[in-house]
Amino acid sequence: MNFIFLGPPGAGKGTLAAQVAEEYGIPQISTGDIFRENIKNQTELGKKVKAILDSGGLVSDEVVLEIVEDRLKKDDCKNGFILDGFPRTIPQAEAFEKLGIDVKVVNFEVDNDLIIARLSNRRVCKNCKANYNVKFMPPKVEGKCDKCGGELFTREDDKLESITHRLEVYRKETEPLIEFYKKLGKITDIDSARDSSLVLVDFKKLFPKK
Ligand code: AP5
Ligand code: MG
C-alpha cells in the first residue's frame, strides 16, 4: 500500500509514519528529513535549502519533485511507501498524479493550539531522527533518545515565528490539497489530536495490513 500523509506541521505525520513504517514494513519518505540530512552534511542541496527550512517557507516544486521521483525508484518502495510531507502544493500533487501510482491519502486533523504546543515542545534525535515531546511524549532519560541513546535537539524551525509562518504557508499552499484529493475520492480523515497509540489503532482499522 502507498500512502500520502497530509496535514499541518505538528499534526503527527512523522510520528505515525515511523510507527506504520515499522508495522507494515514500508519506508517512511519524509522530504523534510531528506532536506535536514542534506543541511547537516552541508551538501549543495543543503546549502540551497537551509534558509528556506529555517524560516518555514517551501522549497521549490522543481527541486522537491526531482528528489521524490528519484527516491520512489529505489527497491524498498516496491511493496509500498509513506510520503510524509509530500505533496505540499497543487503543482506537486498534479505531478505526482501523472506518475499513475495508486495511493491512499490520510488527512491529519488537529487544531492550531495543539499544533503550537506540540511543535514548541518537540525534540528530535540527532542520530536516528526519532521524535519526542517534552510535554506529551517525553524520553525516558531527559535529552537522550530511548532507541539509540543519541542526543536530542530542537529543530531550527520549531521557534515560534517559524511555526507561525509554517502554519500560514500550510493554510495557503497545502490545505487546498484536501479538496483536490476529495474530488479524486482518495482521502481519509484521521483524528490526530489523540494519544499517538490510539491514532495508530485507528490507522490499522482503516487500512488493514494485506
Ligand atoms: P517537514 O519536516 O515535513 O515538517 P512539517 O510538515 O512542518 O511537519 P512536522 O515534521 O513539523 O510535523 P509532523 O506532522 O511530522 O509532526 P510530528 O510527528 O513531528 O518539513 C520541513 C520543511 O521542509 C518545510 O517547512 C519545507 O521548508 C521543507 N519541505 C518539506 N517537504 C516539502 C515539500 N513537499 N515541498 C516544499 N518544501 C518542503 O509531531 C510533532 C510533535 O508532536 C512531536 O514532538 C511529537 O512527539 C508530538 N506528537 C505527535 N503525535 C502526537 C500525539 N498523537 N500525541 C501527542 N504528541 C504527539
Ligand atoms: Mg515531520
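What you see is a predicted model, and the numbers here were worked out from it, not measured in a lab. Hydrogens, waters and symmetry mates are skipped; everything else that's a heavy atom, side chains included, is used. All residue numbers in this chain count up from 1 along the given sequence. When a ligand or atom number is given, it counts from 1 through the structure's own listing order.
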Colleague: Check each of Arg122, Arg123, Lys129 against atom 40 (C) of ligand 1 and report the one with the nearest heavy atom.
Modeller: Arg122
Colleague: Among all protein heavy atoms, pick out the one at the shortest distance from atom 21 (C) of ligand 1; state its residue, atom name and that distance to 0.1 Å.
Modeller: Arg36 NH1, 3.5 Å
Colleague: Quick one: do the Asn107 and Asp189 side chains pair a donor with an acceptor below 3.5 Å?
Modeller: yes
Colleague: How does Met137 reach ligand 1, by side chain, by backbone, by both or by neither, if only non-hydrogen atoms under 4.0 Å count?
Modeller: side chain
Colleague: At under 4.0 Å between heavy atoms, which part of Leu119 makes contact with ligand 1: side chain, backbone, both or neither?
Modeller: side chain
Colleague: Which protein non-hydrogen atom lies closest to atom 39 (O) of ligand 1, naming both residue and atom, and how far is it?
Modeller: Thr15 OG1, 3.7 Å
Colleague: Tell me whether the centres of the aromatic rings in Tyr24 and Phe81 are closer together than 6.0 Å.
Modeller: no
Colleague: Is Arg88 paired with Asp61 through a side-chain N to carboxylate O contact shorter than 4.0 Å?
Modeller: no
Colleague: For atom 53 (N) of ligand 1, which of the options Arg194, His165, Lys50, Arg166 provides the nearest non-hydrogen atom?
Modeller: Arg194
Colleague: Working to the nearest 0.5 angstrom, can you tell me the gap between Arg166 CZ and Arg171 CZ?
Modeller: 12.5 Å
Colleague: Short N/O distance, under 3.5 Å, between Asp84 and ligand 1?
Modeller: no
Colleague: Considering only protein heavy atoms, which is closest to atom 27 (O) of ligand 1, and at what distance to one decimal place?
Modeller: Gly57 O, 2.5 Å
Colleague: How close do Val110 and Ser192 get, heavy atom to heavy atom, and via which atoms?
Modeller: CB-OG, 3.8 Å
Colleague: Would you say Asn121 and ligand 1 have an N/O pair spaced under 3.5 Å apart?
Modeller: no
Colleague: For atom 20 (O) of ligand 1, what is the nearest protein heavy atom, given as residue, atom name and distance?
Modeller: Arg88 NH2, 3.4 Å
